[in-house]
Amino acid sequence: TGIVIKTCGRKLSFEEKRKIGRFLDAISFVAMEQEILNSYLQLLIETVLSFEDHNEYYKNHSLMVKDVSLIMASDLGLSAKQLKTLEHAAILHDIGVVDVVSKLIFEGRKLTEQEKLKIKYHPIIGASIVAPIIEFIHLFQRLFYSITNSVMAVDIRRDSSVKRSL
């Protein structure tokens, strides 16, 4: 390739360069996916808050659930990241009911049997709406552990080869 990368005073092999390239590709993929994930999360939060702004019955419901959740969690010693996750979960806890209730308010009619079922099972609907966020987190964790294990394996092999050459 014509590119010479030196580390610890030696040139890297083609295989080591390839692994570094894959690592950099994975990092850029994760950064791009994280940006998409944050946009999706913000879209969901704005959807819920907008829905509540236009509905007297649900007005500020998710924000109150968030506040109560954070007050209850304050004594649990959670990390800032865990508190942020709790905050998002509290705001999004009723995301599965937004579609059905919005239609009812707009149309001004009673619930059909199918709509009653949707409201009854809104936690399942909500879970499917936030599933991409959870799937990304699991993918990221698997990717992170895979990369970490690969780096550790290279370090272990390099350390043992250095010891043999001494």
Using the rule given for side chain to side chain contact (heavy atoms under 4.5 Å, CB included), can you reason through I91 versus L44, listing the C-alpha separation, both sets of side-chain angles and the distance that settles it, and then say yes or no? CA-CA 9 Å; I91 292 172; L44 294 179; over 6 Å; no
Quick check against the 3.5 Å criterion: does [X] have a side-chain atom that pairs as donor or acceptor with the backbone of [Y]?
X	Y	value
E87	L70	no
Q82	S79	yes
N60	L63	no

Please find the pair of heavy atoms, one from [X] and one from [Y], that lie closest to each other, and give the distance.
X	Y	value
S62	E52	OG-OE2, 2.6 Å
L83	A73	CD2-CB, 4.0 Å
S128	P132	O-CD, 3.8 Å

With a 4.5 Å cut-off on side-chain heavy atoms, are F51 and D94 touching?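 Contact flag for D94/F51 side chains = no.
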How long is the straight-line distance from [atom2] of [Y] back to [atom1] of [X], given to the nearest 0.5 Å?
X	Y	atom1	atom2	value
T47	I129	OG1	CD1	9.0 Å
L117	L111	CG	CG	10.5 Å
L86	S69	CG	OG	5.0 Å
K84	L78	NZ	CG	14.0 Å
I71	K66	CD1	NZ	10.0 Å

Do K118 and E115 meet the salt-bridge criterion of a basic N to acidic O distance under 4.0 Å? no
Assigning hydrophobic clusters by single linkage (Ile, Leu, Val, Met, Phe, Trp, Tyr; side-chain heavy-atom cutoff under 4.5 Å), is [X] placed with [Y]?
X	Y	answer
I124	V130	no
V65	I119	no
M64	M72	no

Surrounding NZ of K59 (heavy atoms of other residues, nucleotides or ligands, distance under 6.0 Å), is the total greater than 12? yes
Pick one: which of V48, I125, I45 meets side-chain contact (heavy atoms from CB on, under 4.5 Å) with I95?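 When side-chain contact (heavy atoms from CB on, under 4.5 Å) is applied between I95 and each of V48, I125, I45, only V48 qualifies.
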Polar side chain donor-acceptor pair, H61 to H93, under 3.5 angstrom: yes
